[in-house]
Amino acid sequence: MYDFAPAADADKSTLYADLLSAADALTAGEPDPVANMANLSALLWQFLPDLNWAGFYRMVEGELVLGPFQGKPACIRIPVGRGVCGAAAATGETQLVADVHAFPGHIACDAASASEIVVPVKLGERLIGVLDLDSPRPARFDRQDADGLERLVALVAARIG
Ligand code: SME
């Protein structure tokens, strides 16, 4: 077992710097995308407080299909354009949702979710999936989380595609 851990009382920029270096160390040299997505989900779950779901959906034959994650069992297939994940896939833009109940078409996989962030994962111009994090706390995610997670997916895209 690997023993990466967030520093106690780290501010958000330190937390993301540590998360990125742990993610790099954990996935470098490993070519298997499932192994890497599984370990990244576990790492996000361990590093980021107040999450009830963290994981990946992969683009498979034109729709999003559930990948490795932490949290409760979730919807398996999401059409592009549906829900928060589908919006991220359709637009190619990070979706930062302070109140999931106010998001048109939000798909409630876990009734505990109050806020959500979904970051598209691209390999060059090709969308290969999305990274989805849910929180039971309203407005849990901010622009700093979006920046940190966008840097994370850019770092690991070639290792999970
Ligand atoms: N809430 C997401 C569905 C995925 S689950 O949160 C894991 C959505 O609206 O796309």
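Atoms within a ligand are numbered from 1 in the order they appear, just like the ligands themselves.
In this structure, atom 4 (C) of ligand 1 lies nearest to the protein heavy atom Asp132 OD2, 3.4 Å. At the shortest separation from atom 10 (O) of ligand 1 among protein heavy atoms lies Cys85 N, 2.8 Å. Here the protein heavy atom with the shortest distance to atom 8 (C) of ligand 1 is Val84 N, 3.3 Å.
Of the charged side-chain nitrogens involved, none lies within less than 4.0 Å of a carboxylate oxygen, so that Arg82 and Glu63 do not count as a salt-bridged pair. With salt bridges taken as basic N to acidic carboxylate O contacts below 4.0 Å, one links Lys12 and Asp142.
Contact check for Trp53 versus Asp110: no side-chain heavy atoms found under the 4.5 Å cut-off.
The shortest N or O to N or O distance between Glu116 and ligand 1 is under 3.5 Å. The shortest N or O to N or O distance between Ile107 and ligand 1 is below 3.5 Å. Between Ala74 and ligand 1, a contact under 3.5 Å exists for no N or O pair. Of the polar atoms of Cys109, none of the N or O atoms is found under 3.5 Å from an N or O of ligand 1, judged by distance alone. Considering backbone and side-chain atoms together, Asp134 places an N or O closer than 3.5 Å to an N or O of ligand 1.
Not one N or O on the side chain of Thr14 forms a donor-acceptor pair closer than 3.5 Å with the backbone of Ala10. Checked by atom type and distance alone, the side chain of Arg151 never pairs as donor or acceptor with a backbone atom of Ala17 at under 3.5 Å.
Residue contacts with ligand 1 include Tyr57, since one of its heavy atoms falls under 4.0 Å from the ligand.
Ring geometry, His106 versus His101: the interplanar angle exceeds 60°, so the pair is classed perpendicular (tilted spans 30 to 60°).
Side chain to side chain, Thr94 and Glu150 meet the donor-acceptor criterion of an N or O pair below 3.5 Å.
Close approach of ligand 1 to His106 (heavy-atom distance below 4.0 Å) involves ligand atoms 1 (N), 9 (O). The distance from ligand 1 to the heavy atoms of Gly83 drops below 4.0 Å at these ligand atoms: 9 (O), 10 (O).
A side-chain contact (heavy atoms from CB on, under 4.5 Å) with Glu30 is found for one member of Leu26, Asp32, Thr27 and no other, namely Asp32.
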